[in-house]
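Encoded as structure tokens, the structure appears first; notes follow it.
Note that this is a predicted model, so its numbers are computed, not measured. Both ligands and their constituent atoms are indexed starting at 1 by order of listing.
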Amino acid sequence: MKEDTLLDESLQKLYSPSDFRKIGHQLIDVLADHLDQVQSQEERPVIKYQDPEEELVYWKADMSSNTDMMDFYQKILDRSIHVHHPRYMGHQVAVPSIISSLSGLVTDLLSNGTGVYEMGMASNALERIVTDFVAQKIGYGSEAAGFLTSGGTLANLTALLAARKAKAPSSVWEEGHNEKLAVLVSEEAHYCIDRAARILGFGAEGIIKIPSNKSYKIDTSLLEEYLENAKNKGLNVIALVGCASSTSTGSYDDLETLASFATNNNLWFHIDGAHGGGVVFSEKYKYLTKGIDKADSVVIDFHKMLLTPALNTALIFKNSEASYKTFEQKAQYLWDSQQSREWYNSGKRTFECTKLMMSLKVYSIIRMYGEDIFEKNMDRLYDLGKVFAKLIKEREGFELLINPEANIVNFRYTDIPSEVINTFNSKIRETLLLSGKFYIVQTMIGEERYLRTSIMNPLTDKEDFIALLDEIQKIAHTLI
Ligand SMILES: Cc1ncc(COP(=O)(O)O)c(C=O)c1O
């Protein structure tokens, strides 16, 4: 057998600095033009919706088409939704700041795995700075610490794993469950909490959903009763989860009351602030999370309200010790001892082994625009929510679900017989989607269909809301 090997020319090309420079310059130009167009040309669609099967056929054909990469990137742009468009008001995805996206280019080139210190010296140090900054904004003391992880779903799961470690019998990590464990949460919580509890082996019975009040906040007067019922059924309730805010309506649970209840009943208190936890940066809106500093753990997504590309989530613990205990496992090839508390080996505390260099995308925003940029963004988006709600209330034929606390505004068109109101509003949303002029979503509140907007783009303005309501009215008249 021949043991020599020749480097194929195309393998060398994969890493050509001159190709990188040439293609990179071209690509930045394409992206800058794209940004300019989606931000300034209202007639440019937010989305050119395609049927999924047709989309697949299109891309299968692309494989055999020409190899020009700018042509390929342009097609990707044309066939993707544009969160930078001021008329994007759909799901909760941040409109990434340009510096954060450019940092993404750096991190994707360096690809430092970050889980161990040597595989991400800068990114681990920056992660410490960024998470300490968040901990301080939450109002935690010097015992607090956290890390960045890949999304709110994973962060909530990790927090509940830490809760289990802290509150369930200590053998659970080695031997599995010997008793039924459970968690208390609002019925309005994001589905990932339900999913996390099931992944943890709690089963359907172990996710106890407490009804919400008319503001879609957990009804705290029911806590005692639900906890007692659970105990009577033989469940060991280990945690209470608060929403800051909920996904459907952007409602903030009464965190102060939840915190006292958790303390009095020896429960781990976790706050899912994936969406609205960012108000800790805002002097104007931080009252919404009063009591957050009493939580054992808090999740805040940077990729929702805090200007980074997805995914980028902070999970912060009131007591850093708990974060080290979550995964007590040996990994000899990574580090000598799981017991030593090394903040710089972030993989000791995260679900991920190889981890994205998320910290750069946060740090670069703070470095370039200053600490108060998150506050400005939160204030702008929450203020816009109120502006839009007022316009809806003033408009005949429309109904606002509730005065929004956050930037999530639910409403519906009502100038039609009540028996068709749900299907009619769905049809409105579908027509809007196909037109591409705006991107909004829909939700069910009880049995009722509502149009749902999350105002994510600080460049969205009052004129865009007026245009949206005009367009809905026009569609409604056509449909009738
Ligand atoms: C309140 C809340 N928690 C968790 C999540 C899930 O976060 P991610 O999409 O980052 O996994 C969401 C997503 O919308 C959310 O709104």
> According to the interplanar angle, ranging from 0 to 90°, do the rings of H177 and F202 count as parallel (below 30°), tilted (30 to 60°) or perpendicular (above 60°)?
Replying inline: tilted
>> We want to know whether D383 and Y285 form a side-chain donor-acceptor pair, criterion being a heavy-atom distance below 3.5 angstrom.
In response: yes
>> Check for me whether the distance between the ring centres of H34 and H82 falls short of 6.0 Å.
In response: yes
>> Tell me whether S245 reaches ligand 1 (any heavy atom closer than 4.0 angstrom to a ligand atom).
In response: yes
>> Looking only at protein heavy atoms, which one is nearest to atom 11 (O) of ligand 1, and what is the separation?
In response: T153 OG1, 2.6 Å
> Should one rank R195, H275, H190 by closest heavy-atom distance to atom 12 (C) of ligand 1, which comes out on top?
Replying inline: H190
>> Check the orientation of Y439 and H91. Use parallel for under 30°, tilted for 30 to 60°, and perpendicular for over 60°.
In response: tilted
> In the protein, which heavy atom is nearest to atom 3 (N) of ligand 1, and how far is it?
Replying inline: D272 OD2, 2.7 Å
>> How about NZ on K290, more than 12 heavy atoms from neighbouring residues, nucleotides or ligands closer than 6.0 Å, or not?
In response: no
> Is the shortest distance from a heavy atom of H91 to ligand 1 less than 4.0 Å?
Replying inline: no
> What class does the angle between the rings of F388 and F465 fall in, given that below 30° is parallel, 30 to 60° is tilted and above 60° is perpendicular?
Replying inline: parallel
> Which of the atoms of ligand 1 are close to H303, meaning less than 4.0 Å from one of its heavy atoms?
Replying inline: 10 (O)
> When you check the side-chain N and O atoms of S251 and E405, is any donor under 3.5 Å from an acceptor?
Replying inline: no
> Do ligand 1 and G152 have nitrogen or oxygen atoms that lie under 3.5 Å from each other?
Replying inline: yes
> Against heavy atoms of D301, which atoms of ligand 1 measure under 4.0 Å?
Replying inline: 7 (O), 8 (P), 10 (O)
> Where is the nearest protein heavy atom to atom 16 (O) of ligand 1: which residue, which atom, and how far?
Replying inline: T247 OG1, 2.8 Å
> Taking the inter-plane angle between the rings of F281 and F133 on a 0 to 90° scale, is it parallel (under 30°), tilted (30 to 60°) or perpendicular (over 60°)?
Replying inline: tilted
> If you count the atoms of ligand 1 from 1 in the order shown, which ones are under 4.0 Å from a heavy atom of A274?
Replying inline: 2 (C), 3 (N), 4 (C)
> Short list, please: which atoms of ligand 1 are under 4.0 Å from a heavy atom of C192?
Replying inline: 4 (C)
>> What protein heavy atom lies closest to atom 14 (O) of ligand 1? Include the residue and the distance to one decimal.
In response: K304 CE, 3.2 Å
> What are the atoms of ligand 1, with element, lying closer than 4.0 Å to any heavy atom of Q92?
Replying inline: 14 (O), 16 (O)
> Does the side chain of M305 reach to within under 4.5 Å of the side chain of Q92, using non-hydrogen atoms?
Replying inline: no
